[in-house]
Amino acid sequence: KNGIDIDNAFNASFTIASVSQSDIGNYDVIVSNSQGSLASKAVSLAVLDNIVPVMITKQPQSQTITSGAPFTLSVSALNEELMSYQWFYNGNAIESANSSQYHILTASAEDQGQYSVLVSNLDSAELSEVAQINIMQPLSSKQPLLAAIELTWDTPVSREDGSVLHFNEIQGYLVEYGTSPITFQNSIQVENELPHSLTINDLSSGIVYLRIATIDSDNNQGAFSPPIQITIP
């Protein structure tokens, strides 16, 4: 190595069991028999730094925000001190939005849309899931009071594959609702507490469709239930 004999390196192959930066250099071998010896050409060994792939551990969450209120989107990843971030709004990069959190101090109708974030390091990158931000206009003093409904549900006892799901394996629930059985404009995340109930306020007259999904302790979301239909008088 680098013109210096390597101890006990007398075979046709030379193996380094666990390469490190100290092994960087030029290697050659002298082959000998009774008739003489011949040196090979030198080859260079370069050692790359350990590759640390990006792994997002907590995705940004969808929210429904009252106009004029603040909101924050956040993402978490392994080895965060090595990461860089770029937030996107409806697929377009947001200028100077380059941290693990994105803040809006005063939400307006223009802020409604889909948000995601690209998390990257020198070796790889991962795009987060999309978070939907819905902006709700506040009620004025001249507007009539809107309706409220209370939902209750039973604790699920099995996963989609039929395996047992224990109470302590449930992190919470995601409730979505809207005016269409296909498009659900609003979502609320509920912690896993007993009894299971949720009050939804400020609902306008008409038909509301609702569905619910379980989020387990590994932050994996299960399939949504079939939607139910409620008529608000």
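In this chain, numbering begins with 1 at the start of the sequence shown. Being a predicted model, the structure only gives us computed values, none of them experimental.
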Side-chain heavy-atom pair [X], [Y] within 4.5 angstrom cut-off:
| X | Y | answer |
| --- | --- | --- |
| T64 | I188 | no |
| Q132 | Q112 | yes |
| L210 | I200 | yes |
| Y177 | L151 | no |
| V19 | L45 | yes |
| Y89 | Y102 | no |
| Y173 | L198 | no |
| N79 | N121 | no |

Practice item. Could you pull out the closest heavy-atom pair between H196 and D154, with the gap in Å? Key: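 Taking H196 first and D154 second, the nearest heavy atoms are CD2-C, 4.1 Å.
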
Point to revise | Contact summary for Q63 and I65, nearest pair of heavy atoms | key: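 So the two residues come closest at OE1-CD1, 3.5 Å.
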
Check your understanding: Would N98 and Q86 count as having a side-chain donor-acceptor pair, cut-off 3.5 Å?
Key ->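 The criterion, which ignores hydrogens and geometry beyond distance, is satisfied for Q86 and N98.
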
Exercise for review: Indicate whether the side chain of S197 and that of T152 have a donor and an acceptor atom separated by less than 3.5 Å.
Suggested key: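 There is no such pair (donor and acceptor under 3.5 Å, judged by atom type) between the side chains of S197 and T152.
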
Review point. Checking S40 side chain against V29 main chain: does a donor-acceptor pair fall under 3.5 Å?
Key: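 Yes; at least one donor-acceptor contact below 3.5 Å.
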
Name each donor-acceptor pair under 3.5 Å that joins a side chain in residues 1-15 to protein atoms two or more places apart or in another chain, with its distance.
| residue | atom | partner | partner atom | Å |
| --- | --- | --- | --- | --- |
| K1 | NZ | S22 | O | 2.5 |
| N2 | OD1 | N26 | N | 2.9 |

Check your understanding: Applying the side-chain hydrogen bond (donor to acceptor under 3.5 Å, both in side chains) test to Q171, which of D216, N192, D218, N219 qualifies?
Key ->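 With Q171 as partner, side-chain hydrogen bond (donor to acceptor under 3.5 Å, both in side chains) holds for just one option, N219.
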
